[in-house]
There are 2 protein chains.
Amino acid sequence: MAGSGEPRWLEKDELAAWMSLAALTFKLPGVLDYQLQRDSGLTHFEYLVLAGLSESPGRSRRMSDLAGFANGSLSRLSHVVKRLEQRGFVERRPAEDDGRITVATITDSGYEILVAAAPGHVATVREYVVDALTPEQIAQLKVIADQILAKIDPDKSC
Amino acid sequence: MAGSGEPRWLEKDELAAWMSLAALTFKLPGVLDYQLQRDSGLTHFEYLVLAGLSESPGRSRRMSDLAGFANGSLSRLSHVVKRLEQRGFVERRPAEDDGRITVATITDSGYEILVAAAPGHVATVREYVVDALTPEQIAQLKVIADQILAKIDPDKSC
DNA sequence: CCCAGTTAGTTGACGCTTCAAGTCAACTAG
DNA sequence: CTAGTTGACTTGAAGCGTCAACTAACTGGG
């Protein structure tokens, strides 16, 4: 698909909204990563991985789950978890009942890093996103983002 | 900043909206890049660079301008333009009046690539973003994104 | 049982982005 | 006019993500 004939061009306001969204997807990750990296030595993705583990039963989660939670590919997660393991923030071991499955667990030192990183990260999210919007806009944003996400992967119902 | 005392935690719905937006900023770029790469051998950033040049007077623009337009750092742009130049899609030369300035120009072959890429790209934007939303939501999205962007770089008024 | 097929995860190479350092041109004060 | 500073890029190295290939473990039909 995506190439047959002449697709409907974007209206002026559609284009403007898209350009704003595109700018956002380029710039927001940079802001988040910069703050986390500077203050805690973590990327946003690493933060999400640690956060995902910390709020799971037994502070553990299988790789595929975690990848879904952190919005990344399994391959990406595998690389990241290897590095986090080398830094002593997580551990990995195969599941007992199914040897194909790898279960990652956050360590105490990983948990400490996460707890130390959280306030600054939350403050940044607040500063750039939440406090920039009205409560009504926050509600709108969630609906909008979820509708787009539903198009991207239709299954993963949240 | 971003670390003094105990910052206000996120409310449940604030957190939910943020997680949706975060998921979006992780996944949307992948979708866009994938389509453009597969169908035209371009990244979204490269596409924006070519598009920015094509709609500028003389099909030319100085590097800093272009970096701002394409939402990237000057360094990133410099690398990308070098590669695009090697592929024959753009040319570079110093400005006549100020030798520090580099002016990039899209070539005919670059323009062809862009024109060939555009329909598929627009169709993708339509499929995943524009058609997922109501006209009202599109208007909301623009306002929301612009407000967040204004926090990120307060000067760059559009 | 056993082998083909599927599922889960890992790995290495390659390309891209970032960061810090470097270049060169243009002001600017003495 | 020249020494120092600022501005506009460019460059190289280092780190991260993606893709394709690979390994290992389970599953299911014959």
Side-chain angles (χ1 to χ4, degrees), chain A residues 25-38 41-49 53 60-87 89-105 155, chain B residues 25-38 40-49 60-87 89-105 155:
Chain A
T25 65
F26 272 106
K27 289 180 174 163
L28 239 199
V31 172
L32 272 291
D33 277 329
Y34 176 75
Q35 181 274 320
L36 274 170
Q37 194 69 58
R38 181 192 41 155
L42 294 173
T43 63
H44 186 202
F45 188 77
E46 290 171 333
Y47 178 90
L48 282 176
V49 168
L53 290 176
S60 299
R61 208 152 173 177
R62 58 179 293 190
M63 296 293 280
S64 331
D65 270 14
L66 199 49
F69 175 84
N71 306 302
S73 66
L74 190 49
S75 168
R76 178 179 186 179
L77 181 69
S78 182
H79 285 298
V80 167
V81 165
K82 191 192 339 180
R83 285 172 225 141
L84 289 175
E85 190 171 39
Q86 284 159 357
R87 296 210 263 164
F89 297 157
V90 305
E91 283 165 357
R92 265 188 301 189
R93 71 169 166 296
E96 288 152 15
D97 52 326
D98 188 336
R100 292 171 300 181
I101 294 174
T102 301
V103 175
T105 307
D155 21 279
Chain B
T25 65
F26 272 106
K27 290 182 175 164
L28 238 200
V31 172
L32 272 290
D33 277 329
Y34 176 76
Q35 180 275 320
L36 275 170
Q37 194 68 57
R38 181 191 40 152
S40 314
L42 295 173
T43 63
H44 186 204
F45 187 76
E46 289 171 335
Y47 179 91
L48 282 176
V49 167
S60 299
R61 207 151 174 179
R62 57 179 293 192
M63 294 292 279
S64 334
D65 269 16
L66 199 50
F69 175 84
N71 306 301
S73 66
L74 190 48
S75 169
R76 179 180 186 179
L77 181 69
S78 183
H79 285 296
V80 167
V81 166
K82 189 192 340 178
R83 293 189 288 257
L84 288 175
E85 191 171 38
Q86 284 160 357
R87 296 210 262 164
F89 297 157
V90 306
E91 282 164 359
R92 265 188 302 186
R93 72 171 163 294
E96 289 152 14
D97 52 326
D98 188 335
R100 294 170 299 181
I101 293 172
T102 302
V103 175
T105 307
D155 22 280

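Computation of the quantities below employed the complete heavy-atom set of this structure, encompassing side-chain atoms and omitting hydrogens, waters and symmetry-equivalent molecules. Predicted, not measured: the structure shown is a model, and the values here were computed from it.
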Side-chain N or O of A:Thr102 versus OP1/OP2 of C:dT10: is the shortest distance under 4.0 Å?
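For A:Thr102, the contact criterion (side-chain N or O under 4.0 Å from OP1 or OP2 of C:dT10) is met.
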Pair B:Phe26-A:Leu48, side chain to side chain contact (heavy atoms under 4.5 Å, CB included): steps then yes or no
CA-CA 12 Å; B:Phe26 272 106; A:Leu48 282 176; 3.6 Å; yes
Report, as a single string ordered 5' to 3', how protein heavy atoms within less than 4.0 Å touch nucleotides 17-29 of chain D: B base, S sugar-phosphate only, - not at all.
SBB-----BS---
With sugar-phosphate meaning primed atoms plus P, OP1 and OP2, does B:Ile101 contact a base, only sugar-phosphate, or nothing at under 4.0 Å between heavy atoms?
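Sugar-phosphate: the residue B:Ile101, judged by heavy atoms under 4.0 Å, touches backbone atoms but no base.
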Would you indicate whether the side-chain heavy atoms of A:Tyr47 and A:Leu32 approach each other to under 4.5 Å?
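No. Closest side-chain heavy atoms not under 4.5 Å.
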Is there a side-chain contact between B:Arg93 and B:Thr105 (heavy atoms, below 4.5 Å)?
yes
Taking salt bridge (charged side-chain N to carboxylate O under 4.0 Å, His left out) as the definition, give me every residue that meets it alongside B:Arg92, ordered by chain and number, with sequence neighbours left out.
B:Glu85
Roughly, in whole Å, what's the span from [atom1] in [X] to [atom2] in [N]?
X       : N      : atom1 : atom2 : value
B:Leu66 : D:dT10 : CG    : P     : 11 Å
A:Tyr47 : D:dC16 : OH    : P     : 19 Å
A:Asp33 : D:dG15 : CG    : P     : 16 Å
B:His44 : C:dT17 : NE2   : P     : 13 Å
B:Asp65 : D:dG7  : CG    : C1'   : 14 Å
B:Leu74 : C:dT17 : CG    : P     : 14 Å

Which is more 5' along DNA chain C, the nucleotide nearest B:Gln37 or the one nearest A:Val103? Just name the residue.
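Between the two, 5'-proximity favours A:Val103.
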Rounded to the nearest 0.5 Å, what separates atom NE2 in B:His79 from atom CG in B:Leu74?
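Between atom NE2 of B:His79 and atom CG of B:Leu74 there are 10.0 Å.
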Residue B:Lys82, side-chain atoms from C-beta onward, closest of D:dT10, D:dT11, C:dT11:
D:dT11
Whether the side chain of B:Asp33 engages the backbone of B:Thr43 through a donor-acceptor N/O pair (distance < 3.5 Å, no angle test) should be reported.
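Side chain of B:Asp33 to backbone of B:Thr43, a donor-acceptor pair under 3.5 Å: no, none is there.
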